[in-house]
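See below for the structure under consideration.
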Amino acid sequence: MQDMEALGIGLMWFFGYMRKRTGLVLGAKLALLFGGGAMLMSLSSFPWTRIQFLNGVTEKLVSSIQYPNRFFMIATLLLSFEAGSCVVVLGECFGKKAMAGGGAAFVALALITAFFYQSSIVRDEDTLYLYDEKGMGTGYLSGAEYLRYGIGQFDLSFHGPVEGQGVQVLDYEKDGLNVRMSIRNESGGESYVEVPLQHYKGYTAVVSATGERLELEDGSHFDIRIRVPKGFEGEVSVGFVSPWYWHLGNGISMLTLAAVSVGIFTKRDL
């Protein structure tokens with residue numbers, strides 16, 4: 001799709017139709033320039049390796065990119081702006097029918113691209129069968145910036161709940177960062193159950209029937225360990241609750257955005 005957009009823009013530019021609406025056309029030309037550069041940098045033939053080993057600065061910069069195909073996102077945004085600019089110029093040069101036709105062509109290209117992309121995934125990707133959590137192996141954590149200090153990254157693996165002495169997990173369901181399970185403690189004393197979630201501040205374990213919160217502590221590899229009282233039996237929901245100051249920050253941001261918007265419209269009216 002990006003290739004077709006760039007070709008259409010180049011043809012309009014070549015035949016002199018990109019002369020009207022100076023501000024829009026200038027932005028379109030800049031977007032074409034940088035979008036084309038982004039497409040070029042996403043190619044496997046781009047000399048990233050040579051640039052990386054020029055000096056220490058370029059080594060860190062190139063390493064932080066990680067995947068050159070990320071430039072496709074930049075190219076898509078810029079060349080989509082290009083396509084919209086072309087549609088506007090078509091309308092000014094050839095009338096509303098040409099503008100409608102150009103817009104329809106742009107939508108058709110987007111749908112065709114999405115269809116071929118989905119087809120390639122279905123055709124090229126192999127089916128993976130997983131019979132339990134252990135079959136998933138270890139997860140890819142990239143830079144592992146958000147792990148608790150002291151966690152051995154390569155010791156982590158996908159697993160189900162870990163039962164302490166005398167504890168039985170009767171029902172278990174994990175959905176993202178939320179866990180719901182029914183547990184029973186027959187140990188004759190306090191015990192525990194661990195769930196595969198990193199124990200960050202903000203997690204809670206709530207007894208569904210009463211709303212009581214069970215005490216949490218660090219478990220193996222800093223997983224969440226729920227302390228289960230003697231004789232306990234019931235459903236427990238584990239989830240993350242955002243701290244109040246997060247919501248305060250969101251409110252300040254929304255108020256600031258509203259104030260800036262009001263200021264812009266007020267100034268425009270004046």
How far does [atom1] of [X] sit from [atom2] of [Y], to the nearest 0.5 angstrom?
X: I252; Y: H247; atom1: CD1; atom2: NE2; answer: 13.5 Å
X: S220; Y: I151; atom1: OG; atom2: CD1; answer: 11.5 Å
X: L43; Y: N69; atom1: CG; atom2: CG; answer: 11.0 Å
X: L61; Y: N55; atom1: CG; atom2: CG; answer: 8.5 Å
X: F232; Y: S191; atom1: CZ; atom2: OG; answer: 12.5 Å

- Query: ring-ring contact (aromatic ring centres under 6.0 Å, His included): which pairs involve residues 194-220, sequence neighbours left out?
  - Reply: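 Those involving residues 194-220 are Y203-F240.
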- Task: May I have all residue pairs that pass ring-ring contact (aromatic ring centres under 6.0 Å, His included) and include part of residues 35-61, sequence neighbours excluded?
- Result: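 For residues 35-61: F46-W48, W48-F71.
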Can you confirm whether [X] sits close enough to [Y] that some side-chain heavy atom of one is under 4.5 Å from a side-chain heavy atom of the other?
X: M41; Y: I74; answer: no
X: L79; Y: L32; answer: yes
X: V206; Y: R213; answer: yes
X: E190; Y: K230; answer: no
X: L214; Y: V236; answer: yes

- Residues two or more places apart in sequence or in another chain: which of them pass salt bridge (charged side-chain N to carboxylate O under 4.0 Å, His left out) with E235?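 Scan of E235 (salt bridge (charged side-chain N to carboxylate O under 4.0 Å, His left out), adjacent residues dropped) gives R180.
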- Query: Going by side-chain heavy atoms closer than 4.5 Å, which hydrophobic residues are tied to F116, directly or by a chain of links?
  - Reply: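 ILVMFWY cluster around F116 also holds I112, F115.
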- Considering only Ile, Leu, Val, Met, Phe, Trp and Tyr, and joining two whenever side-chain heavy atoms are under 4.5 Å apart, list the other residues clustered with Y149.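 Y149 shares its hydrophobic cluster with no other residue.
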Results of side-chain hydrogen bond (donor to acceptor under 3.5 Å, both in side chains) for [X] - residues two or more places apart only:
X: S182; value: none
X: H221; value: none
X: E186; value: R184
X: T204; value: none

Taking all non-hydrogen atoms of both residues, which atom of [X] and which atom of [Y] are closest, and how far apart?
X: I51; Y: T58; result: O-OG1, 2.9 Å
X: G35; Y: L78; result: N-CD1, 3.4 Å
X: F222; Y: G150; result: CE1-C, 4.0 Å
X: G239; Y: N178; result: CA-OD1, 3.6 Å
X: V169; Y: E163; result: N-OE2, 3.0 Å

- Message: Restricting to side-chain contact (heavy atoms from CB on, under 4.5 Å), what partner residues turn up for V107, sequence neighbours left out?
- Response: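 Counting only residues at least two positions away or on another chain, V107 forms a side-chain contact (heavy atoms from CB on, under 4.5 Å) with L111.
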Would a single hydrophobic cluster contain both [Y] and [X], if residues Ile, Leu, Val, Met, Phe, Trp and Tyr are joined by side-chain heavy-atom contacts under 4.5 Å?
X: L40; Y: M73; answer: no
X: I183; Y: V162; answer: no
X: L170; Y: V179; answer: no
X: V195; Y: L177; answer: yes
X: L77; Y: L109; answer: no

- Among all residues two or more places apart in sequence or in another chain, which pass the ring-ring contact (aromatic ring centres under 6.0 Å, His included) test with Y192?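 Applying ring-ring contact (aromatic ring centres under 6.0 Å, His included) to Y192 gives none.
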[X] side chain to [Y] main-chain N or O, any donor-acceptor pair under 3.5 Å?
X: S237; Y: S208; answer: no
X: E217; Y: R227; answer: no
X: K174; Y: G176; answer: yes

- Query: Counting only heavy atoms not in L33, do more than 12 fall under 6.0 Å of its CG?
  - Reply: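 Check passes, neighbour count above 12.
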- Message: Under 3.5 Å, is there a donor on one side chain and an acceptor on the other for N185 and E233?
- Response: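 Distance-only check fails for N185 and E233.
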- Item | Pairs satisfying salt bridge (charged side-chain N to carboxylate O under 4.0 Å, His left out), at least one member in residues 194-203, at least two apart |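 For residues 194-203, and leaving out neighbouring residues, the salt bridge (charged side-chain N to carboxylate O under 4.0 Å, His left out) pairs sorted by first residue read E194-R225.
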- Sole residue of W244, Y245, W246 in side chain to side chain contact (heavy atoms under 4.5 Å, CB included) with S242: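 Running side chain to side chain contact (heavy atoms under 4.5 Å, CB included) over W244, Y245, W246 with S242 returns exactly one hit, W246.
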